[in-house]
Amino acid sequence: QVLLVESGGGSVQAGGSLRLSCAGNGYTYSNYNMGWFRQAPGKQREGVAAIFREGGVRYADSVKGRFTISKDNAENTLYLEMNSLKPGDTAMYYCAARETGGWSSSFSVPSYNYWGQGTQVTVSS
């Protein structure tokens with residue numbers, strides 16, 4: 001069974017940085033496309049960043065230039081480096097994995113098979 005566990009969330013002031021991690025058990029990261037999503041209270045879950053098996057990446061416009069997604073296949077760990085954080089980045093952050101799917105669906109919540117439990121990020125002004 002695939003298990004994803006996020007960590008690294010916390011509370012920071014605007015302009016600060018955080019690094020989220022997502023450790024995986026039960027499968028090999030190199031075989032999956034991975035993504036980071038977030039969900040703020042009262043809002044739908046939205047895609048933030050995605051990374052494909054071959055290493056290609058995609059970012060939401062709202063985080064482009066501030067967030068960096070990466071993965072360590074040897075350690076089965078996915079990362080999200082978040083810089084220049086804004087209050088609007090406050091949300092629960094989730095990592096997700098899927099076996100198939102291309103660029104156009106990389107921010108589609110239903111296209112992902114496996115999800116972590118989430119880690120909270122709070123940015124104060």
Side-chain angles (χ1 to χ4, degrees):
Q1 178 172 340
V2 174
L3 180 64
L4 302 173
V5 180
E6 301 96 335
S7 61
S11 297
V12 296
Q13 290 191 326
S17 299
L18 284 172
R19 188 192 198 200
L20 306 184
S21 300
C22 173
N25 290 309
Y27 70 111
T28 303
Y29 264 43
S30 60
N31 295 334
Y32 289 75
N33 295 325
M34 308 288 297
W36 284 101
F37 290 76
R38 67 186 182 187
Q39 188 167 17
K43 294 189 177 181
Q44 289 189 332
R45 192 169 297 189
E46 62 176 1
V48 174
I51 187 165
F52 300 90
R53 284 189 205 85
E54 72 281 7
V57 297
R58 180 187 180 189
Y59 296 99
D61 288 342
S62 59
V63 306
K64 209 171 287 185
R66 300 188 297 122
F67 290 11
T68 303
I69 187 171
S70 62
K71 62 176 179 172
D72 185 331
N73 287 332
E75 296 294 327
N76 262 12
T77 303
L78 178 73
Y79 300 101
L80 185 68
E81 185 76 35
M82 305 186 295
N83 298 313
S84 302
L85 283 162
K86 305 175 181 179
D89 295 318
T90 295
M92 186 72 80
Y93 283 71
Y94 300 88
C95 68
R98 61 178 187 170
E99 290 134 331
T100 60
W103 177 274
S104 62
S105 64
S106 55
F107 287 164
S108 168
V109 171
S111 73
Y112 285 80
N113 308 99
Y114 309 104
W115 292 85
Q117 84 291 346
T119 186
Q120 178 67 37
V121 172
T122 303
V123 184
S124 58
S125 57

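Remark: Lys43 NZ to Met92 CE distance equals 15.5 Å, nearest 0.5 Å. Between atom OG of residue Ser21 and atom NZ of residue Lys71 there is a gap of 15.0 Å, rounded to the nearest 0.5 Å. A distance of 5.0 Å separates OG in Ser30 from CG in Asn73, rounded to the nearest 0.5 Å. Here the CG-OG1 distance, from Asn113 to Thr100, works out to 6.5 Å after rounding to the nearest 0.5 Å. Taking CG from Leu4 and OG1 from Thr77, the interatomic distance works out to 10.5 Å, rounded to the nearest 0.5 Å. Separation of atoms CD1 (Ile51) and SG (Cys95) is listed at 13.0 Å; rounding is to 0.5 Å.
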Determine, stepwise, if the pair Ser11 / Gln120 fulfils side-chain contact (heavy atoms from CB on, under 4.5 Å). CA-CA 8 Å; Ser11 297; Gln120 178 67 37; over 6 Å; no
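In this structure, Arg98 and Ser106 approach most closely via the heavy-atom pair NH2-CA, 3.3 Å. The nearest pair of heavy atoms linking Leu80 to Ala49 is CD1-CB, 4.1 Å. The nearest pair of heavy atoms linking Asn83 to Ser17 is OD1-OG, 2.8 Å. When all heavy atoms of Pro87 and Ser125 are compared, the pair lying nearest together is CG-CB, 3.9 Å. Among all heavy-atom pairs drawn from Glu6 and Tyr94, the shortest one is OE2-CA, 3.2 Å.
Residue Val12 is grouped with residue Val48 when hydrophobic side chains (ILVMFWY) are merged at heavy-atom distances under 4.5 angstrom, including chains of intermediate members. A single hydrophobic cluster is not seen to contain both Trp36 and Tyr79; linkage of ILVMFWY side chains at heavy-atom distances under 4.5 Å, directly or through other members, places them apart. Connection of Met82 to Val123 is established within a shared hydrophobic cluster, with ILVMFWY side chains joined at heavy-atom distances below 4.5 Å, either directly or through further cluster members. Connection of Ile69 to Leu18 is established within a shared hydrophobic cluster, with ILVMFWY side chains joined at heavy-atom distances below 4.5 Å, either directly or through further cluster members. Residues Val57 and Leu78 fall within the same hydrophobic cluster, defined by Ile, Leu, Val, Met, Phe, Trp and Tyr side chains chained together at heavy-atom separations under 4.5 Å.
Listed for the Ser111 side chain is a donor-acceptor partner under 3.5 Å among the backbone atoms of Ser105. Checked by atom type and distance alone, the side chain of Arg53 pairs as donor or acceptor with a backbone atom of Asn31 at under 3.5 Å. In this structure, Asn33 contributes its side chain and Gly101 its backbone to a donor-acceptor pair below 3.5 Å.
In this structure, Arg45 and Trp115 have side chains that are in contact, with non-hydrogen atoms separated by less than 4.5 Å. The side-chain heavy atoms of Tyr59 and Thr68, taken from C-beta on, include a pair separated by under 4.5 Å. Side-chain contact check for Gln13 versus Leu85: every heavy-atom pair is 4.5 Å or farther apart. With contacts defined as side-chain heavy-atom distances shorter than 4.5 Å, the pair Asn25/Asn76 does not qualify. Looking only at side-chain heavy atoms (C-beta outward), Tyr32 and Glu99 come within less than 4.5 Å of each other. Side-chain contact between Gln44 and Val109 is absent, with no heavy atoms from C-beta onward closer than 4.5 Å. Leu20 has its side chain within reach of Val121: a pair of non-hydrogen atoms, C-beta onward, lies under 4.5 Å apart. Residues Arg38 and Ser62 form a side-chain contact, since some pair of their non-hydrogen atoms from C-beta on lies under 4.5 Å apart.
Salt-bridge check for Asp61 with Lys64: passed, with a basic side-chain N closer than 4.0 Å to an acidic carboxylate O.
Between Tyr93 and Phe67, the ring planes are tilted. Angles from 30° to 60° get that label.
In this model, no donor atom of one side chain and acceptor atom of the other lie less than 3.5 Å apart for Arg66 and Ser84.
In the displayed structure, Glu54 atom CD is contacted under 6.0 Å by more than 12 heavy atoms of other residues, nucleotides or ligands.
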